[in-house]
Amino acid sequence: MIGYLLFAVVFGLLLLGIHRKVIARIQRRPGPPVWQEILHMLKFSFKSTWIPATASNILFVGVVLVAIGIWSAALFVLLAGGSILIIFGIYMLHKIVEHGFGLSSGSPYGKFGGVRSVISAASEIPLFVSVAVVALYTQSLEISSIVQYQAIHGPLLFIVPLAAIAMYIVILSKMPFGPFSIVESKELVSGYKTEHFGVWRAGLEICNGLKTYVLMFMFITVFIGGIPIWWMLAGMILLTVSLSFACAFSPMLSPFDSVTVQMLITGVMLGYAAVLGVIA
Amino acid sequence: MMTKKKDMLRALALITGALLVIGFVLWQNGTLPLVGYEAIIVVCFPICVICLFLWWMAREHGEDIPFIGY
Amino acid sequence: MEMSSLGGIPYYILEFGDELVYFSPYTVSLFLLALVFTMFAVMAKPERQVDIAFGGDAYYAKETSLQELRFRRFMAIACGFASMGAMLTGDIFNFTLFISLVGICNVGIVAAVKNRHVQNAAYQYGIVALSATVPLFGAAALIAATTGTLSMVELWSSATPAVPLVVKALLVLGVMGEGMAPFYAAKAEMFRAPGAPYVIMCSLSSLLIFLRVIEVVLVI
Amino acid sequence: MIIQRISRIISNYEMIMPLFAGAVSVLFVVAIFSLPLPYYEEQLYPKTIDPASPLNPYERGGPPFTQVTINDQYPENSPTAGYVTSYLTPFSWYLANTTLYLGTTIVAHPGGILDEILYNTRGLDTVVETTILFIAFAIASYLYRKG
């Protein structure tokens, strides 16, 4: 279990490295090596670290622990084939982690990042519509039942393509450099993570690796089905590359516009869910 | 003062690491259900990792104010 | 839809008079998160927000006065308890009560902040939270009238009649008004307030009640 | 661009009240069109209204401060349900036995069906509801004293 957890961290960071590399190549830069994010995590862990003088100490340290803890829990729920609702709960609560990172230091840049993450909370809602659409077909939100359903009826990707697109957008909004990643845009220095340097950032990198692994794994499991681990890893790399293309070819939206676009997508999805509900 | 803090961090990392190992052994034995082992990981893994990092990190400076742009 | 296929099978059902409190994997994980962040609110000191003085290279850190700190910490803890209750309760009416408690605590957390923007936003939010009680309790009353019961455990068994869709929509809208997860404008403005451990409870509680109402709506 | 115009409207926090009010009214219109909703006859908390009584909406029937006839959801969990006094603390119990002034106004506001359920069967709800009032009072008094 702990071995798998560490593997997930490393592989998730590798995916983020591939993401950076692909974006760089699209923009005709050489880009960092693909294992750059793993090296980052190790490098940060050796750096001199302290808690800023103005920070709210317990919260400052506590959110790092919470961030790693919740995503480990999400990984275990995913592996056990538990309820998809729990994973989405954790996904939503990652917002709170971002707020905690941003607000606890007292830094104005962190504050901006935190406030933006509040603004973008509205972007999490397309997710629930896609969950509702999935539930409409499979009559269950247990991942194991969804996998069973797909073993009989074929991948949900072809049955409910729009729900898959909504979920894809949700994952896109959590990828760095994407059109919806307003919480860490360049004018905010590093957004919510500005003041979490050194060891704290290393902890955040672990959380990011886990988060990427869990989200990609979940997308493939929910919309394609249970496949052998090697195929799963290959699929995750493919998904990452497609996300990198989406990120590289789209500009970052302004904060409120990003939310409006996502709300409009939610509206479309609601209509889609209603139509499917009437048909089914 | 500084070494005392480092010792404490190392002790904490060791304790949580030991808990992780004990949880693994008990789970393999069958005495601890999988959920229990996972609960141990969720609580101990973050503490273990952060304490380990804080223990092996470079020399510590005094605290400073946040970055304010210049 | 089956209860067990949503938030997992309840580990344990606590009998609490005429109401049940149930611990499914979903409710327990949400409850634990509310608990952890309430502990942060109890223990953590507020941060001192750094501000740059305009036109110079000076900066200053805002201090939170002791009186204000005590009041806001009290409100944050109350908010934490309210969201913990809303996570675990297995009764529709009890759930709506906890949610309106969350709404009013959210206003209370920022009510003590001396900042015009924050107070204006909190005022708007307070009015929405007040008016949201109409659809919220309306939905609870309609559920009682159309199904004859308020217990979620009874409602997810197929013995009771189905809850009309519009009633579920009223419930969700009521929760949205109280927690204002999508009505992000006022929340973002309220986040300007210093005092991270307390301000975070605002956001945490609204996300939690939103997550719980999804489960409730799918179950009943 | 239409997107920018929409975001300009919804990013203003002065607009959330009209937006919310609009959403509520739309939903209420939908609710009115979906009338009549089915009424489930076999209610958990039955209520008989005597239209001839001068106390019409508040007339619960039976002598006050004794047991009300109710069907509770889990009778095995709450053997004393129905007695208004079943939630009295020892001190209140003492007061109620020695004076006549306890519990006179407990349902003296227009609450409807839910309140009647609340005060006769559901202890936790009573606590939460008073907590809401208490918190509201705490906020108001803090703001008043701060001036």
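Numbers restart at 1 for each chain; the letters A, B, ... are given by sequence-line order, proteins then strands. Since this is a predicted model, take the numbers as computed values, not measurements.
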Checklist entry - When only pairs under 4.5 Å are counted, which of C/V134, C/L170, C/V167, C/I127 shares the most heavy-atom pairs with chain D? => result C/L170
Item to check | Region of D/T131 that comes under 4.5 Å of a non-hydrogen atom in chain C | outcome: both
Item to check | Heavy-atom pair of closest approach, residues C/S100 and D/I132 | outcome: OG-CD1, 3.3 Å
Checklist entry - Which region of D/F134, side chain (C-beta onward) or backbone (N, CA, C, O), has a non-hydrogen atom less than 4.5 Å from a non-hydrogen atom of chain C, or is it both or neither? => result side chain
Next on the checklist: Which heavy atom of D/A136 sits nearest to which heavy atom of C/I104, and what is that distance?
Outcome noted: CB-CD1, 3.4 Å
Checklist outcome for this item: When every non-hydrogen atom of D/V24 is compared with those of C/P135, the smallest separation belongs to CG2-CG, 4.4 Å
Checklist entry - Of the backbone (N, CA, C, O) and the side chain (C-beta and beyond), which part of D/A21 lies under 4.5 Å from a heavy atom of chain C, both, or neither? => result neither
Checklist entry - Would you find more than 12 non-hydrogen atoms of other residues, nucleotides or ligands less than 6.0 Å from C/F81 atom CZ? => result no
Checklist entry - Does any heavy atom of chain D fall under 4.5 Å from the side chain of C/A82, the backbone, both, or neither of them? => result neither
Checklist outcome for this item: Whatever's closer than 4.5 Å to a heavy atom in chain D on C/F74 counts as side chain
Checklist entry - Does CE belonging to C/M39 count more than 12 external heavy atoms closer than 6.0 Å? => result no
Checklist entry - Tell me, do D/Y142 and C/E68 make a side-chain contact under 4.5 Å, heavy atoms counted? => result yes
Checklist entry - How close do D/I139 and C/F71 get, heavy atom to heavy atom, and via which atoms? => result CA-CZ, 3.8 Å
Next on the checklist: Check this for me: D/L133, atom CG, are more than 12 non-hydrogen atoms of other residues, nucleotides or ligands nearer than 6.0 Å?
Outcome noted: yes
Item to check | Over 12 non-hydrogen atoms of neighbours within 6.0 angstrom of CZ in D/F28 | outcome: yes
Checklist entry - Considering all heavy atoms of both residues, which atom of C/C105 and which atom of D/I135 are nearest to each other, and what is their separation? => result SG-CG2, 4.0 Å
Next on the checklist: Is C/L142 in contact with chain D via its backbone, its side chain, both, or neither, using a 4.5 Å heavy-atom distance?
Outcome noted: side chain
Item to check | Close side-chain approach of D/E129 and C/L101, heavy atoms under 4.5 Å | outcome: no
Checklist outcome for this item: Applying a strict 4.5 Å limit to non-hydrogen atoms, the region of C/A78 in contact with chain D is side chain
Checklist entry - Where is the tightest heavy-atom contact between D/F20 and C/G177, given as atom of each residue plus distance? => result CE1-CA, 3.4 Å
